[in-house]
Structures are given as structure tokens and as C-alpha cells.
S.K.: 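Pasting a structure below so you can have a look.
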Amino acid sequence: MNLNPQQIEAVHAVEGPLLVLAGAGSGKTRVITSRVVHLIEEVSVPPWQILAVTFTNKAAGEMKSRVEAAVEPGARTSSPLISTFHSFCVRVLRRNFEALNEGYTRNFTIYDQDDQTRVVRTIMKELDIDDKSLTARQALSSISAAKNRGTSPAALLNQGEYVSDRTEKVARIFKLFEERLRKSNAVDFDDLLIKAVELLRRVPDVREYYHNRFRHVMIDEFQDTNGIQYELVRLIAVGSTKIDASIDRDQLWRERSLCVVGDIDQSIYSFRGSDFNIILGFQNDFAGTRTIKLEQNYRSTQTILEAANKIIENNRQRLPKTLHASPELGQGEKIRYYQAYDAESEAAFVADHIAEHRRYEPDSRLVVLYRTNAQSRLFEESLRRRSIAYNIVGGFSFYERAEVKDIIAYLKLAMNPRDDVAMARVINSPPRGIGKTTIDALQNVQRERGTSAWEAIDSLISNHSVGPRAASSLVAFKRIVEGLAERVMHAQPLSEVVKAATLETGYVRALEEEKSVEAEGRLLNIEELVTAGVEAEEQGETLQDFIDHAALVSDTDQYRADARVTLMTMHSAKGLEFPSVFIVGMEEGLFPHSRAATSEEDLEEERRLCYVAITRAQRHLYITHAMQRRIFGEESITEPSRFLNELPLELLENLSSGPSWLGFAERPETRHNREAAAALRGEERPPVKNTSNYSGKTYNSVESVREFFNRRERSHENREPRARGKSERVSGKRNETGETLVSSSGVQFRIGARVRHQRYGTGVVLRSEGAGDDAKLTVSFPGYGQKKFVAKFAALEKA
DNA sequence: TTTAGTACACTTTTT
DNA sequence: GTGTACTAAA
């Protein structure tokens with residue numbers, strides 16, 4: 001492992017606070033792992049004193065295996081704790097939750113977003129708040145934001161003199177939400193952090209234990225921390241939330257370190273409460289911080305880095321930083337740009353080029369990056385059509401499947417019968433004759449007595465408030481759960497309990513009786529869950545570990561490093577690198593996303609996301625967009641993303657087969673070209689159905705794409721000097737290629753020419769009407785759409 | 001009580 | 001285009 005001087009400095013700084021500003025591809029993970037190894041082998045720090053925190057299980061897993069591979073077996077007396085913030089907090093709470101005296105026990109359940117939404121939905125129904133004005137998800141995100149700010153429901157109503165109707169509703173829901181969770185002995189993702197911090201803050205014994213144990217703390221992706229996480233870090237590293245003069249710094253930092261690593265330009269989770277001001281303030285918070293910048297990039301070609309640097313320069317909120325390329329990687333190829341007619345042909349283009357790459361480099365890894373998960377479908381289809389295997393990250397994961405969640409819910413109930421969400425989930429699945437009437441009755445009792453649903457069952461039966469059939473069903477249900485709980489009590493192996501949850505509940509039997517294809521699939525998933533249980537048992541996990549794992553796995557954990565072709569969102573791609581990257585859907589409204597384009601801050605976050613996406617690429621980068629795509633099943637015309645305007649033209653190679661935002665590609669007329677050009681001019685589009693690109697040898701079958709390439713290569717060579725000379729001596733109405741020429745303020749433009757406007761930036765001339773003084777120009781500007789100008793008066797310049 | 005069919009609302013990104 | 005929520009019928 002060869003490290004550069006800055007990296008070595010970061011590895012060797014083993015006392016005191018250390019801030020590493022690590023640009024994309026600067027060997028950040030290598031520095032952290034080397035640091036851990038260095039601490040253990042050179043400084044003789046016992047591994048158990050080391051804590052490394054990441055944001056994703058994926059990153060934690062990667063770091064674990066790298067450290068394991070690097071540490072000499074002799075030095076491995078114990079293991080460093082390498083964990084995500086969330087699983088670290090679960091660990092803390094499972095040990096000490098009772099010490100907080102809030103009525104929670106260490107058998108608490110973790111509610112994922114789906115569970116939380118269910119709770120909020122039932123609350124809203126009870127409060128008679130309709131979900132038109134305020135959806136459950138919206139309410140939930142407001143609640144989450146309030147929680148992370150440390151705002152209570154009451155405080156929410158006391159902010160200033162004016163409280164909006166919406167806030168008032170949220171506060172009411174929030175209050176009940178907290179009560180419900182506590183009653184259910186359940187915490188959500190936010191609570192995991194909040195409760196852990198409270199525990200450390202309020203219980204000195206617990207705080208001291210962690211402070212004394214972890215003498216060397218490292219935090220990865222520090223730009224993504226939120227206030228609560230930062231507080232947790234300080235409680236562990238400093239043993240206090242306040243860092244003031246009363247602390248003897250020399251004493252504190254003796255044989256102790258806190259190393260945070262991050263990159264403001266890669267902060268893409270502020271929507272979730274992360275705040276890059278924390279990393280900006282770190283040096284102030286910790287006097288004597290040593291700061292190291294890693295700006296040497298080892299990943300990408302010059303071209304790719306230039307593009308990334310140019311994009312991110314448009315952000316105001318950042319620390320100036322420029323990534324330097326490694327000379328040995330060279331200038332590299334240009335970024336390939338393609339404007340597709342519609343989303344289907346975009347997907348076809350991507351799949352064709354993936355096939356092309358694989359022909360020459362069968363083992364090379366490729367990735368398709370999109371802004372929203374909904375975009376994945378078309379790429380899946382186009383790849384499947386070409387029999388190209390792919391791995392998809394995101395969408396619903398294994399643990400989100402209904403049948404898997406059902407079985408887990410039984411297990412959760414066995415551990416924590418107060419878990420109302422789990423109860424509601426499985427009380428009648430498989431169907432056992434407990435219907436709406438019974439459940440309503442149950443909820444009434446619950447509300448009257450303020451108990452959990454589990455306790456309400458007993459009173460319901462003794463009250464004879466339900467019919468005999470329902471009563472016996474309820475008793476049977478209770479037996480099942482108690483049976484599972486007993487197995488846990490008698491320390492039966494984890495795999496046995498999981499098996500019992502699939503069989504004794506009647507779940508498997510019900511599916512088998514169904515005899516449908518769908519049920520078959522579900523049975524397979526359940527089988528897989530049982531297998532997962534057996535594997536977990538072999539790893540020495542407890543049932544609780546197994547359930548926690550199911551709650552804390554994320555979509556990104558589906559990423560398989562050995563997959564040749566991967567589809568995922570740009571967010572999931574953070575921290576990864578690929579020889580070839582396709583960034584797709586570069587359209588206004590999609591990327592930047594319409595819901596993120598409201599404020600300058602949001603827009604800058606989108607730009608950082610763009611930066612993250614570009615910097616994933618090692619050698620080949622493709623950027624595509626479509627002129628029209630279906631949104632909500634509705635066909636709509638799109639505009640090129642404003643980010644395209646921020647890419648230097650000389651870094652791009654245009655592969656588009658018609659007039660594009662980049663200008664005309666020199667290509668013989670084809671049906672597809674004509675249609676594309678017509679669509680771009682705003683003429684009535686041809687019936688979309690008939691543009692089927694998939695049958696026979698059409699323009700985008702693999703063969704003709706290669707043909708297309710060959711032709712392009714040839715025409716490319718002798719084009720550029722001629723084209724330049726041509727536009728210089730524009731005079732007639734038409735030039736040789738048949739493009740119309742129009743003039744504006746004495747300057748002349750051809751259709752497809754790039755022009756600059758003071759207000760709208762760079763755009764492309766789409767069409768012209770009239771002649772002489774009355775001539776009008778229509779220009780498409782990324783980010784603003786089509787604008788019409790009277791040519792004579794328009795302040796347009798050649799771009 | 002269950003199920004099948006239809007209307008509908010919905011899409012950012014995630015631990 | 002897709003998954004979910006509500007209504008009507010068995």
C-alpha cells in the first residue's frame with residue numbers, strides 16, 4: 001500500500017482531533033483502514049478501543065473486511081468496532097435502555113418507515129384528519145424534522161405567536177405518535193439516535209463506560225452527520241456535550257483521537273437532516289484540530305475530473321478545492337453525450353452501449369445511475385431484452401416483501417408482545433376470521449384502557465364483547481404468539497424459532513393451499529428467510545440480532561461488488577467507483593428534481609449529487625437525456641438539464657442522432673431523425689407506439705449501432721475544420737446541408753446553433769419564422785424552456 | 001368476513 | 001404505469 005504524504009500524515013496523527021477533507025477518489029477508505037491497522041500494529045492500541053462509524057452497512061462491511069485482511073493475525077486479539085450510527089445505537093440501547101427510565105425495555109422493537117406510516121395513518125384516522133391536505137408521509141417527515149431538532153410536540157406549538165393549521169395538526173399527530181411508540185415499546189430510526197444520546201447524556205455511568213472504552217474514534221462521510229449524531233460523537237470522544245475551557249485538553253487527548261473524514265461537495269443527505277455546517281465548524285469546536293486535505297484523485301481520467309470540477313464550481317456553498325488527476329490515467333476519452341427521442345430509446349441506447357462495452361471488455365463493471373428509482377424499469381427491460389444480466393439496487397428489498405415482513409412481525413411479537421404494529425399486521429394473516437368488527441372492538445378497549453393491543457385481547461374476551469367465533473380465533477392467535485415466545489425463552493436455536501414462525505402460524509399452509517403462481521413465489525421468499533435464519537445462527541446471532549438486522553438493512557446493501565452491470569440511484573452510488581458510468585435522465589424536473597429546485601440550497605444539493613455521479617466514473621462516462629418521457633403515464637416534453645450547460649463543450653462528444661441540445665450531429669436522414677427533429681421543433685409528434693425500436697434491425701440494434709459508430713468516426717475526422725469555416729462565411733438562406741440560416745442583430749445563426757442570452761444562458765436554435773426584420777427565432781434554453789425572439793431585437797450571441 | 005374489482009393518487013433521494 | 005384504498009357482492 002503506497003500512500004502519499006498527506007495520506008501518511010492522516011494515518012500517523014494518532015492523538016487529538018483530526019479533520020480530513022477528502023475529495024472524491026482520493027483514497028479515503030484506504031486512509032481509514034490504514035489508520036486502524038496503524039493504531040493496532042504500530043501504536044499497540046488494543047483493537048476493542050477503536051470505534052469506526054459509517055453511514056451504511058455497505059461501507060461498514062467493506063471496512064471490516066479490509067481491516068481483517070490487513071491486520072496480522074497475531075495482533076488480532078480482539079476486533080475494532082466498525083458499525084453504522086444506527087446499529088451502534090441499537091447496541092447501546094439493547095444494553096442500557098432501562099437506565100433511562102422511560103418505560104422502555106431492552107426488548108424494544110425498531111419501527112421502519114413502513115411501520116411508522118401505519119402508526120401515523122391510524123392516528124390520523126382517529127383524529128379525523130383527512131390525508132388530502134396532509135399525507136401520512138408528510139406528517140411523518142415533519143415529525144422527524146422536529147425530533148431531530150429536539151423539538152417536542154408542545155414546543156412545536158410555541159414557536160412564535162402564529163401557528164399554522166398544518167403545524168397544529170402535525171403537533172397533535174406527533175404527540176399521539178410518541179405515546180403510541182412508547183406504549184408499544186418501539187422506537188423509530190430517529191429515536192435510535194435520540195434515545196442513545198439521551199442515555200449518554202443523562203446516565204453518567206453509561207457515558208463514562210463508552211468514553212473510557214473508545215479511545216480512538218473515526219467517522220466516515222462526516223459531511224452527512226446531523227446534530228444528534230454529532231452530539232453522540234462528542235459524548236463518546238470528549239465525555240461531554242460541551243467542549244469548553246473547563247476541559248484539560250492535554251489530559252483529554254492523551255492516547256486519544258477523534259478523526260472525522262468528509263467532503264462537503266459530496267453532502268447529499270440534507271433532506272434527511274444532515275448538515276455540512278458541522279464539518280465546517282469542526283475546527284472551531286475542537287481547538288488544536290489538525291486539518292489535512294486530500295486532493296489527489298486516483299480514480300478518474302483528466303476529462304472526467306475536469307467535468308466534475310466545472311460542475312461543482314457553480315456552487316457557492318463550499319470550500320474551494322480542486323481535484324488533481326493522476327497523470328498515469330491520462331486525459332481519457334471525451335464524455336459521450338446522447339439526446340434520445342424518448343425514454344425508451346434512451347434505455348435502448350444505454351443497453352446497446354453496455355453490450356458494446358462488454359464485447360471488448362467482458363469483465364469490466366458498468367453502472368447506470370438515475371435520479372429516481374422509478375426510472376429503473378425501462379433500463380431493466382432494455383437489458384433483459386438483450387439478455388444482459390444486471391444487478392439492481394433499490395426498489396423494494398427482500399426484507400420489505402409482505403410475506404417476509406409478516407414472518408418478522410410474528411418474531412417481533414414473540415420478543416415484544418406490546419408491538420402494536422406487528423400485531424395489526426399479522427392478527428389476521430393468514431386469514432383466521434378476525435375481521436373489521438373484531439379489530440374495531442379491540443381498538444376501542446385499547447383506547448379506553450390505554451393498553452397495548454396484546455393486553456386488550458384478554459379484556460375483550462372476558463367482556464364477551466365479541467362473538468364466540470372471533471373469541472376462539474383470538475385465543476388461537478394468542479397461543480401461537482405465546483408458543484413462539486416460549487421457544488425463545490427456552491433458548492431454542494434461532495433457526496428453529498424462525499421455522500416455527502412460518503409453520504405454526506399457519507402461514508405456509510395458507511400459501512400452499514392457494515396454489516397460485518404468486519403464492520409459489522412467496523413460499524420461495526419464506527424459504528429464503530428461513531435460510532437466512534440458519535445462516536445468522538451459524539454466525540452466532542441471537543433472534544434479536546436477526547430482527548434488528550432485518551430492520552436496519554437498507555437498499556444499498558443489495559449492492560454486489562462483483563456484478564458486471566448495476567442499476568442504482570445516484571445516492572446509492574456514493575462511495576463506489578466504476579470503469580464505465582451512464583448518467584441518465586439529465587432533464588429539468590427530473591435532475592434537478594422538480595421538488596428540489598425550489599431553493600438555492602436544494603439546487604446546490606442536486607448539483608453535489610451530479611458531482612457525486614460524475615466522480616464515480618473511472619474511464620468512460622456517458623450522459624443521456626430524452627426529449628419526451630411519460631410522467632404519471634402521461635407523455636410530456638422535457639427540457640435538457642441546466643447541469644448540461646455547466647459542462648465544458650470541449651469535453652463532450654455528441655452521439656445524438658438528430659438535432660440536439662449540443663447542435664446537429666452529422667448523420668444521414670432517417671425516420672428516427674426526422675421524427676426527433678420534428679418533435680424538437682414542436683410539431684405534432686408521430687404516434688409514439690409506432691416508433692418501436694425493438695423489432696428487427698432498426699437503428700438501435702447492436703449491428704447498426706456499430707455501423708453508426710463507424711460512420712461517425714469517419715465523418716468526425718474531416719468534419720470539424722470544415723464546419724468551423726462554414727459558419728464563418730454564412731451568407732445565403734441555406735447552406736449545403738440544407739439548414740436554414742437566420743440572422744439576429746447582424747449575427748447569423750443556423751438552426752441547431754448554440755446561442756447565448758444574457759438572462760437564459762446558452763441554448764439551441766430550434767426554428768425560425770418569417771424573414772427580414774420580422775424573422776422570429778425559437779430557442780430552447782436548458783432550465784427555461786423554449787423562448788421566442790424577434791431576431792432583429794434579440795440580444796443573442798454566438799456561443 | 002372475505003374477496004374481487006375499480007377508482008385513485010402517486011414518485012426524490014435513505015439509516 | 002403501478003400499487004393501494006375503498007366499495008360492492010358472495
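To find a chain, count down the sequence lines: A is the first, B the second, and so on, and within it residues start at 1. Every heavy atom of this structure was used, including side-chain atoms; hydrogens, water molecules and symmetry mates were not.
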S.K.: Hey, what do you get for CZ (A:Phe85) to CZ (A:Phe55), rounding to the nearest 0.5 Å?
M.R.: 5.0 Å
S.K.: Quote, to the nearest angstrom, the P distance that separates C:dC6 from B:dT11.
M.R.: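 After rounding to an integer number of Å, I get 16 Å for this pair.
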S.K.: What I want to check is whether an N or O donor and acceptor connect the side chain of A:His86 with the base of B:dT15 at under 3.5 Å.
M.R.: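 Looking at the base of B:dT15, it does pair with a donor or acceptor on the side chain of A:His86 (distance under 3.5 Å).
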S.K.: Using the side-chain heavy atoms of A:Gln113, tell me which of these nucleotides is nearest: B:dT14, B:dT12, B:dT1.
M.R.: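 Closest of the options to the side chain of A:Gln113: B:dT14.
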S.K.: Could you tell me how far apart A:Ile439 (CD1) and B:dT1 (P) are, to the nearest whole angstrom?
M.R.: 9 Å
S.K.: How close or far is atom P of B:dT15 from atom CG of A:Leu93, stated in whole angstroms?
M.R.: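 It is 19 Å, rounded to the nearest whole Å.
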S.K.: Kindly say if A:Ser572 contacts the phosphate of B:dT13, meaning a side-chain N or O under 4.0 Å from OP1 or OP2.
M.R.: no
S.K.: Write down the distance separating the C1' atoms in C:dT4 and B:dT13, rounded off to the nearest Å.
M.R.: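 Comparing C1' positions in C:dT4 and B:dT13 gives a spacing of 22 Å.
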S.K.: Measure the distance from NE2 on A:His571 to C1' on B:dT11 and round it to the nearest whole Å.
M.R.: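 For the pair A:His571 NE2 and B:dT11 C1', the rounded distance is 14 Å.
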S.K.: According to a cutoff of under 5.5 Å between the ring centres and under 30° between the ring planes, does A:Phe271 stack with the base of B:dT13?
M.R.: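 Whether judged by distance or by angle, A:Phe271 passes, so it stacks on the base of B:dT13.
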S.K.: Going from OG1 on A:Thr54 to CG on A:Asp224, what distance comes out if it is rounded to the nearest 0.5 angstrom?
M.R.: 11.0 Å
S.K.: Looking only at N and O atoms, is any donor in the side chain of A:Arg371 or the base of B:dT13 less than 3.5 Å from an acceptor on the other one?
M.R.: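 Such a pair exists between side chain and base.
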S.K.: Mapping A:Glu605 and A:Ala470 onto DNA chain B by nearest heavy atom, which one lands closer to the 5' end?
M.R.: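 So the residue in question is A:Ala470.
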S.K.: Let me know the distance between NZ of A:Lys436 and P of C:dA5, rounded to the nearest Å.
M.R.: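 Distance check: A:Lys436 NZ to C:dA5 P gives 14 Å.
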S.K.: Any idea which of B:dT2, B:dC10, B:dT1 is nearest the A:Thr135 side chain?
M.R.: B:dC10
S.K.: Could you check whether A:Asn428 gets within reach of a base, just the sugar-phosphate, or nothing at all, counting any heavy atom under 4.0 Å?
M.R.: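 Sugar-phosphate, backbone atoms only, no base.
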S.K.: 5'-most contact on DNA chain B: A:Gly433 or A:Thr372, nearest heavy atom basis?
M.R.: A:Gly433
S.K.: Hey, what's the ring geometry for A:Phe271 with A:Tyr269, parallel, tilted or perpendicular (30° and 60° as the breaks)?
M.R.: tilted
S.K.: Does the plane of the ring in A:Phe97 sit parallel, tilted or perpendicular to the ring in A:Tyr104? Use 30° and 60° as the thresholds.
M.R.: parallel
S.K.: Nearest to the side chain of A:Thr438 - B:dT12, B:dT1, B:dC10?
M.R.: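 Closest of the options to the side chain of A:Thr438: B:dT1.
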S.K.: In whole angstroms, how far is the P atom of B:dT11 from the NE2 atom of A:His593?
M.R.: 10 Å
S.K.: B:dT13, C:dT2, C:dA5: which one has an atom nearest the side-chain heavy atoms of A:Arg377?
M.R.: C:dT2
S.K.: May I ask you to check whether A:Ser144 and A:Asp190 show a side-chain donor-acceptor distance below 3.5 Å?
M.R.: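 Yes, side-chain donor-acceptor contact under 3.5 Å.
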S.K.: May I have the distance from A:Gln138 (atom CD) to B:dA9 (atom C1'), rounded to whole angstrom?
M.R.: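 Checked: the CD to C1' distance equals 12 Å.
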S.K.: How is A:Phe55 classified with respect to the nucleic acid when contacts are heavy atoms under 4.0 Å: base, sugar-phosphate, or nothing?
M.R.: sugar-phosphate
S.K.: What is the separation between atom CD on A:Glu221 and atom C1' on B:dT14, rounded to the nearest whole Å?
M.R.: 13 Å
S.K.: Does a nitrogen or oxygen in the side chain of A:Thr56 sit under 4.0 Å from OP1 or OP2 of B:dT14?
M.R.: no
S.K.: Send over the distance from A:Leu140 CG to B:dT15 P, rounded to a whole Å.
M.R.: 16 Å
S.K.: Name the orientation class of the two ring planes belonging to A:Tyr210 and A:Phe88 (parallel below 30°, tilted from 30 to 60°, perpendicular beyond 60°).
M.R.: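 Perpendicular.
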S.K.: Is the shortest side-chain N/O distance from A:Arg272 to OP1 or OP2 of B:dT14 below 4.0 Å?
M.R.: no
